[in-house]
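Comments concern the structure below.
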Amino acid sequence: MSIKSIAAKIFAKSIHKKTQKWALNPVETQQKVFNELIRQAKETQFGKDHKFNAIQTYEDFAKQVPIRDYEQLKPYVDRVVKGEENILWKGKPLYFAKTSGTTSGAKYIPLTKESMPFHIQAARNAILSYIHETGNADFVDGKMIFLQGSPILEEKNGIKLGRLSGIVAHFVPKYLQKNRMPSWETNCIDDWETKVDAIVEETFNQDMAVISGIPSWVQMYFEKLHQKAQKPVGELFKNFNLFIYGGVNYEPYRAKFENLIGRKVDSIELFPASEGFFAYQDSQKEKGMLLLLNSGIFYEFVKADEFFTENPKRYTIGEVELNINYVLILSTNAGLWAYNIGDTIQFTSLKPYRVIVSGRIKHYISAFGEHVIGKEVEHALQEAMENTEIRVNEFTVAPQIAPETGLPYHEWFIEFENEPNNLDEFALKIDNAMRKQNVYYDDLIVGKVLRTLVITKVSKNGFQEYMKSIGKLGGQNKLPRLSNDRKIADFFQKYY
């Protein structure tokens, strides 16, 4: 065992103790975060507009600060982007994380000197939690790769901006820099396909021990490695034993990954976003990710099925329940206030508080009142593939409201690696799994409002072609699992 791995184990034990301290005192921890956020933002323009000086309790805050999404917060953000100080948070932000908006073009999410360290610490602590639980620290001596956006940053009114993953690349600790891949030059390549080809060339003969990224884009990297080496990735990288991922659910990809790797590897799930680093998997044995309650973020939760009603009830950490779909609301030390990030979560544990990401409040199908969410379609597909040789590369689901003949249905666009022998039989398996999970969907099938779902096969790399067509190939971009319209579906109809 190397000195580096021994030191990692000692450090992991120390971090575990600190984590336990706040995780076992969740309500008190969140109250401290809340008090500090209000105190530091009293003299900002937002704080003055919302009478932060008069806020004594959370109830005061909930009355004075309505829930907002980016579009509603944009007038304040625009002033920050113009270079004004003390608008949403004291001073100016260090960076803007630039993300794709829905109606307003690019979104600029502020990162401050108070918020930035938590992005780095959370990623580090996720690995340290794994080391503490498993005792496995050998990988710290091997090479690590993080598939991410370009670290080249622009500047806007004196504030640097770029993709979050590119910004984070500037904060890699010195003790990891010698092990980290790809090279800076390769990481700066903007075109994703060119970048992956360059990463394959750089890493092909290296001792890769840890690989990290969004599963769909890591899959692309693995396929190119497999094509070049003509053998499983696990044989090429004999010491590769840890996959770190975030952004999307890994389960639909797991079987394909194990086939590409040639064996099972441990994995760590992360829940990062430009707005904050919210949770990480702290245990290989327990379901869900540890919600980070001491990271400069005060959380509120709104039940998803009540979210679009007038004045829905807002819950704090001590009031949440297991297995309920909540919309995640944030107030942060980057100056976001009662901010709807758009993600929905469910709690899998209350001691400590662990969550899974169940979907997006805007990514659902409810064309007939069924309100199908991402977690349900992912679980249904996974259940249908169990104990089979069927492998799926990617998929998305859309409603077909006006078919040429017959009843309406949900249309599943699936790119198979290994196809089922009987597509209709496979569709029925998925449909039955959906009906078990979603009573509304079941009622619509029973009531002959909908018919059994229909699978439309997508040829190899079809989803990559779609993402390329909208300028979102690679990086931190994610394909929506669900759409309540036919925009993605229309692409595939034209494509074929």
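The shown structure was predicted, so the numbers you read here are calculated from the model rather than taken from an experiment.
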Flag the pair [X] / [Y] as yes when at least one side-chain heavy-atom distance between them is below 4.5 Å, and no otherwise.
X	Y	answer
M385	V392	yes
I131	K9	yes
N239	F139	no
R180	K143	no
R354	K287	no
M289	V357	yes
L111	F96	no
L161	Y95	no

[X] side, atom [atom1]; [Y] side, atom [atom2] - distance, nearest 0.5 Å:
X	Y	atom1	atom2	answer
E394	M220	CD	CE	12.5 Å
T29	L292	OG1	CG	11.5 Å
Y339	L88	OH	CG	11.0 Å

Taking atom types as modelled, find out whether [X] and [Y] have a side-chain donor-acceptor pair closer than 3.5 angstrom.
X	Y	value
D266	Y130	yes
K303	N325	no
T203	Y221	yes
N86	E43	no
D141	S2	yes
N340	D69	no
S349	E286	no
N323	Q346	no
N333	E114	no
N259	R254	no
E36	Q40	yes
E389	N418	no

Say whether, by atom type as modelled, one donor and one acceptor occur between the side chain of [X] and the main chain of [Y] under 3.5 angstrom.
X	Y	answer
T19	I15	yes
N179	G142	yes
Q437	E376	yes
Q281	E269	yes
S165	G149	yes
Y253	Q219	no
N187	S183	no
Y70	Y108	yes
H16	S129	no

Do [Y] and [X] have ring centroids that are under 6.0 Å from one another?
X	Y	answer
F298	Y58	yes
F271	F278	yes
Y245	Y250	yes
H50	F46	yes
W217	F222	no

Which one of I324, V320, I356 satisfies the side chain to side chain contact (heavy atoms under 4.5 Å, CB included) criterion with F347?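 Looking at I324, V320, I356, the match for F347 under the side chain to side chain contact (heavy atoms under 4.5 Å, CB included) is V320.
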
Please check if the number of heavy atoms outside [X] that lie under 6.0 Å from its [atom1] is greater than 12.
X	atom1	answer
K92	NZ	yes
K21	NZ	no
K90	NZ	yes
K113	NZ	no

For [X] versus [Y], what's the shortest heavy-atom pair and its separation?
X	Y	answer
T396	P480	OG1-O, 2.7 Å
Q30	I317	CG-CG2, 3.9 Å
P232	I261	CB-O, 3.3 Å
F171	I167	CD1-O, 3.4 Å

side-chain hydrogen bond (donor to acceptor under 3.5 Å, both in side chains) partners for E193, two or more places apart: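 Counting only residues at least two positions away or on another chain, E193 forms a side-chain hydrogen bond (donor to acceptor under 3.5 Å, both in side chains) with K468.
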
T332 vs E275, test: side chain to side chain donor-acceptor pair (under 3.5 Å). Steps then yes/no. CA-CA 8 Å; T332 78; E275 293 85 352; over 6 Å; no

Let me see the working for Y299 and Y326 under side chain to side chain contact (heavy atoms under 4.5 Å, CB included), right down to the final yes or no. CA-CA 11 Å; Y299 299 95; Y326 291 103; over 6 Å; no

Given E378 and Q382, is the side chain to side chain donor-acceptor pair (under 3.5 Å) satisfied, shown in steps? CA-CA 6 Å; E378 290 172 343; Q382 184 185 343; over 6 Å; no

